[in-house]
Amino acid sequence: MKKNLAIMLVLVAGILVSQCQNSTPKEEEEEEVATGMIVPVPLSSNGINNFNYPEDSTLINKWIMEQDDKAIAQHGWGIWTALNKETAQSYQKQKLRVFETWLTPADMQALIRATDKGEKMLMEEVKQHRGKLSKPNQFLHATTALAKAGVKPNYDSSRILGFVKYDPTAAKFTVTNQLLKKSVLQGMLDRGMTDIPDFPNTGMTLKPVFEIITQEELNKNDGYFKLNVWSGPPATPRESPEGTWPDYVYIDPNNKGEGNGGVDNGGGRTPKNTYNLTDYVHFKLDAATAEDLKMSLGVSAEEGDIAVLVAMHVTSKEIKRWTWQTFWWTPDAVNPPAPSSAMIAAQMPTQLNGAPAHYAMAQAYTFINPDQPFTGGNNIGTSIYAYNPYLEAGFGPHVLSDPATVITNGKKVVNNYGVLTNCMSCHAHANYAPATVKNAPNYLGDTYVDMEGANFKNTLKVDFAWSIPGNLMND
């Protein structure tokens with residue numbers, strides 16, 4: 001299996017390079033993939049200004065130490081541009097972007113099961129569609145945390161659906177090491193290991209999330225889809241889930257909108273707050289996905305309904321603590337609200353255009369400023385807030401239950417709301433722990449995390465990937 005996967009990755013890379021060099025646009029349009037034949041495409045930095053992938057860790061750490069936010073933003077936009085390149089593959093007459101070809105945990109589980117049976121299965125044999133849409137694990141985690149606290153959720157996240165994606169090298173690493181098997185992680189813990197092996201520096205994981213344009217939703221708004229959009233964090237930190245945001249836009253499936261920064265904050269729909277479907281990364285649901293949404297989640301979806309990308313977490317293993325960037329759709333991509341900024345937006349490369357250029361970005365390449373070491377550091381400095389409005393803004397102290405403070409100018413800053421979080425801090429706590437371990441590290445807001453801290457006792461750190469314990473196979 002290991003040899004087979006390695007050979008496959010080399011062949012895939014060669015085939016894709018050959019296709020890009022020799023195919024005309026017309027030929028590429030005709031390359032429709034059959035069910036079960038989506039070939040995972042590696043990320044490439046070719047042709048993107050100010051971007052190299054994987055970048056040398058020494059250079060990225062230099063940006064972090066010097067607080068070179070411009071260079072960090074350029075790198076994040078490079079990743080986003082590369083992820084959204086259209087490949088030579090199509091599925092149901094829709095072009096597949098690079099990230100859409102990557103494997104989900106369910107795909108990797110299928111490969112692991114095949115390995116256990118002594119079967120040889122290639123990635124393109126298991127990759128049958130973009131992925132099964134479900135509720136993001138952090139929402140399920142939040143629901144559990146609130147239930148334990150006896151608190152009823154103050155928001156409805158049922159419209160947000162997504163999946164986790166691993167690039168081909170991270171997927172190969174996960175399958176080869178069988179990291180989605182509970183018995184394997186428990187075995188590591190039993191042998192006295194404190195960490196799983198580190199992912200390769202090319203490894204990347206994503207969490208794209210969508211909202212579904214169904215006919216039912218269109219009927220509610222005269223043929224338009226009404227979408228809440230983020231206008232920035234509240235002056236006083238609080239739970240700020242999507243349903244509490246004051247601003248909306250409207251999506252026109254017929255692409256006759258004129259939106260260019262306008263929003264509806266109470267006055268109703270106008271051409272200026274109506275945007276085109278082509279302003280969003282999106283895809284049409286196939287029959288199987290639509291049926292699954294109806295049966296498992298009660299979504300009134302039908303084949304041909306549209307999934308629009310509203311947000312995506314993106315992390316790369318280019319440095320030991322990974323790089324962290326998160327993206328969300330915004331009406332005014334030139335002047336996006338916090339935790340993004342006009343400076344960040346200004347670093348977009350010229351190669352980023354069309355729908356992917358309509359998203360804002362926030363980043364966290366370290367916990368706090370100034371940067372702290374992997375172990376033995378402190379929490380004295382300035383908080384770095386980088387969160388996704390669609391994914392974390394609704395969280396409060398019951399969900400972000402582990403203490404998170406930063407000492408800024410001699411004063412303690414308590415970071416216990418979603419708008420006070422940092423991707424790296426929360427994922428630093430990612431761990432596998434058997435049920436007998438109480439008070440294992442949990443979700444938390446922005447703070448410094450000592451990666452050799454005593455709070456990890458009797459747990460197995462999973463290299464910042466909450467998606468591993470969140471998708472374990474009970475073998």
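- Thr323 and Gln325 are linked by a side-chain donor-acceptor pair at a separation below 3.5 angstrom, with hydrogens and angles left out of the test.
- Ring centroids of Phe395 and Tyr387 are separated by 6.0 Å or more, keeping the two rings apart.
- For the ring-ring contact (aromatic ring centres under 6.0 Å, His included) with Phe327, the lone residue among Trp77, Tyr390, Tyr359 that qualifies is Trp77.
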Just list the side-chain donor-acceptor pairs under 3.5 Å for residues 413-424, sequence neighbours left out, or say none.
from	atom 1	to	atom 2	distance (Å)
Asn415	OD1	Tyr385	OH	2.7
Asn415	ND2	Ser383	OG	3.2
Asn415	ND2	Asp446	O	2.9
Thr421	OG1	Gly418	O	2.6
Asn422	OD1	Met424	N	2.8
Asn422	OD1	Ser425	N	3.3
Asn422	ND2	Thr366	O	3.1
Asn422	ND2	Phe367	O	3.1
Asn422	ND2	Ile384	O	3.1
Asn422	ND2	Asp446	OD1	3.4

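- Take Ala360 and apply the side-chain contact (heavy atoms from CB on, under 4.5 Å) test, not counting sequence neighbours, and it matches Trp328, Thr330, Pro336, Ser340.
- With hydrogens and angles left out, the side-chain atoms of His75 and Glu318 include a donor and acceptor closer than 3.5 Å.
- The ring-ring contact (aromatic ring centres under 6.0 Å, His included) contacts involving residues 170-203 comprise Phe173-Phe199, Phe199-Trp322, where partners must be two or more places apart or lie in separate chains.
- With sequence neighbours left out, the salt bridge (charged side-chain N to carboxylate O under 4.0 Å, His left out) criterion links Asp305 to no other residue.
- Between His141 and Tyr443, the distance separating the two ring centers is shorter than 6.0 angstrom.
- Remark: the Asn369 side chain and the Thr382 side chain contain no N/O donor-acceptor pair separated by less than 3.5 Å.
- Remark: Lys132 fails to qualify as a cation-pi partner of Phe163 under the 6.0 Å distance and 45° angle criteria applied to the six-membered ring.
- Side-chain atoms of Lys207 and Gln138 include a donor-acceptor pair closer than 3.5 Å.
- Looking at Asp198, Asp371, Asp463 one by one, the single match for salt bridge (Lys or Arg N to Asp or Glu O under 4.0 Å) with Arg321 turns out to be Asp371.
- Between Trp329 and His358, the ring planes are parallel. Angles under 30° get that label, and only those over 60° would be called perpendicular.
- Residues forming a salt bridge (charged side-chain N to carboxylate O under 4.0 Å, His left out) with Glu100 (at least two apart in sequence, or on another chain): Arg130.
- Identified under the salt bridge (Lys or Arg N to Asp or Glu O under 4.0 Å) test for residues 394-412, with sequence neighbours left out: none.
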